[in-house]
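One structure is given here, and the rest of the page talks about it.
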Amino acid sequence: MMKNMEVAWLFDQTADLMEIAGDDAYRVRAYRQASRSIADLDEDIETLYQQRRLQEIPGIGKELGKKIGEILTTGSFSFYDRLREKVPAGLVIMLELPGLGPKSVRSIYQGLGITSLEELEQAAREKKIRGLPGMGSKTELGILRGIEMLKGRGGRVPIGLALPLGEEMRSYLAGLPEVQGVEFAGSLRRWKDLVGDIDLVASVAETDWEKVLGGFAQHPRIKKVLEADPQRALVQTVLGVNIELIVVSPREFFLTVFRDTGSKAHWSALERYAADRRPDFSVGGCSSVSEFEKMVYLSLGLEYIVPELREDRGEIDAAASGTLPALVEVSDLRGDLHLHTDWSDGVNQLEVMVDAARRRGYEYIAITEHSKFLTISRGLTEERLLQQVEAIGKINRENPGLRVLTGIEVDILGDGQLDLPDHVLAEVDLVIASIHSGFRQEPERITRRLLAALENPNVDIVAHPTGRMLARREPYAFDLELVMRTAVQTRTALEINASPDRLDLNDEHARRFTEMGGVLAINTDAHDCRRLDDIRFGVMTARRGWVSADRVINAWPLDKLLEWLNRGD
DNA sequence: GCCGTTTTCGGCCCGACTGTTTTCAGTCG
């Protein structure tokens, strides 16, 4: 299925280039829709191509079908190649700066001949940007701030992109006859939200190292080899993500994975802790990395510390005193409380989403469409919401197995008012409030909006509380500490939005909030039933935040959840 | 570039906010 991601990625890049080149906006949108629709496919696009069924994909017609064929046979397509000659690659990166869109990038390119972030930064510092039509000092400031953000990201990619690619490469390697074992290491094994390189360690007899590294570099996803030595290869993939493969002899395998999982800070802390004792790395007879790691920790008098906790945030002391928390697991979750269907901007019918949730084994879900303010998402009016409540009532009567809670994701408007009146919100089982506008307001104003939502007794959850988009948008500036304190007081849950684009709250916020006494909801915010599986990203974020299942409202049994929803606050 | 019980041409989710303006273009969700 990685081919699907590649084609989707190429079409998305094409759309970026077309926009900068000033192509027709609807044509651009056709590429974007095609990209999304291919990324969401649950069939392999190569299979569809071979069966001549490409045009069954929504948004793919004759032209794009031909281009997909070109990509699958040659790795690229001529329209894209021509665009790349016309539009400097650096301009596409500028699109990632908040506030800069294709028109501005084009104007900067044409007016000043700037083609890279470095040149752009210099021009902004020299106050040359404000000479362009429609741009002033705030645009310059925004550019400089945006460049800082990109630097801070340091080329890391969201785990939602890295993990599927890593999983594919891992199973490819696992299938090679010379490979006796292969594991992730590094930040990916620790489930960090942003991942630098994908680290893989393979257990291979020394005589086969060269063969395995060579075979790895030949994989079609690999674009170029950046560094290579007898035990190691650093390669760049088609998606712009780097993979580092280390091959080690079987007897070194577990220890290498353990060490390379890091984090550096955890290992330093471990070495400080172990200064006067000796970790036993020679333990034998283990059948897995985690079993080996368990034995090593045990030799130091420590409880097992799972990879996602290895950040030097107090885990060693806790392991020494036997006070590591029992972390929430995917299997603890009994439902998903933030879902969209085609009643607003989701892709599936209500019934399809309900079926998918039942197949997943959930006891309950909540349907929470957008409210009317978000016209672009076909947000629900009061009337439509009440119609949906009726429709859900019918589903519940016909499907005793799974309880579907009625709900709404109501917008917190620019002035702190909610987008629907209280008497309407009172009609549904669960109310999520969230911000989708006015991200650049004064911090005090954003804080006030969030506090107003928390203090509304109808509001049960505040979704994606900081508004960040991973690697794309910083959180909005506001007083998160005060918001969390207030949420504890009003007994409102904050969300860990499990969408790999968001992961918001993040791990550290989730930890802080639950330590203050707050409760969380871990939700996918799925707009497509296939995205229900994203829940793993949210659960891992919670685990990295030391969260146990009792702090997660959708890990509670239905009767306890209902009781909580009816709490007076 | 896609799509069609409004169609094979002429549509294609739209409204708020921001920063730049002196009435609006560009960006964003």
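Chain identifiers are assigned alphabetically (A, B, ...) following the order of the sequence lines, protein sequences preceding nucleic acid strands; residue numbering begins at 1 within each chain.
A side-chain hydrogen bond (donor to acceptor under 3.5 Å, both in side chains) check over residues 98-108 of chain A, counting only residues at least two apart or in different chains, returns nothing.
Taking the six-membered ring wherever Trp is involved, the centroid distance between the rings of A:F79 and A:F11 does not fall below 6.0 Å.
B:dG10 and B:dT18 have their P atoms separated by 39 Å, with the value rounded to a whole Å. As rounded to the nearest Å, B:dT6 and B:dC12 have P atoms that lie 15 Å from one another.
For A:S104, the listed nucleotide lying nearest its side chain is B:dG26; candidates were B:dG1, B:dC13, B:dG26.
With respect to A:R448 and A:E444, no salt bridge is recorded, no charged nitrogen being found less than 4.0 Å from a carboxylate O. Electrostatic pairing of A:E495 and A:R502 does not count as a salt bridge here, judged by no charged N lying under 4.0 Å from a carboxylate O.
For the 3.5 Å distance criterion, the side chains of A:Q388 and A:T406 fail to qualify, holding no donor opposite an acceptor. If you check the side chains of A:D345 and A:S377, you find a donor sitting under 3.5 Å from an acceptor.
Applying a 4.0 Å cut-off to non-hydrogen atoms, the residues of residues 15-26 of chain A that approach DNA chain B are A:D24, A:Y26, listed by residue number.
In this structure, the side chains of A:L420 and A:L380 stay at 4.5 Å or more apart for every pair of heavy atoms.
Within the 4.0 Å cut-off from OP1 or OP2 of B:dT20, not a single side-chain nitrogen or oxygen of A:R130 is found.
In terms of position along DNA chain B, the nucleotide closest to A:A30 lies nearer the 5' end than the nucleotide closest to the other residue of the pair A:A30 and A:L100.
Checking B:dC24 for Watson-Crick or G-U wobble geometry (two distances, each under 3.5 Å) identifies B:dG19 as its partner.
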Where do A:V328 and A:R543 land on the side chain to side chain contact (heavy atoms under 4.5 Å, CB included) test, with the steps shown first? CA-CA 6 Å; A:V328 59; A:R543 290 171 64 86; 4.2 Å; yes
Contact pattern, 5' to 3', of nucleotides 14-19 of chain B - B, S or - by protein heavy atom under 4.0 Å: BSS--S
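Using a 4.0 Å heavy-atom distance criterion, A:P133 is classed as making no nucleic acid contact. Among the atoms of the strands shown, only primed sugar atoms or phosphate atoms (P, OP1, OP2) are found under 4.0 Å from some heavy atom of A:K67.
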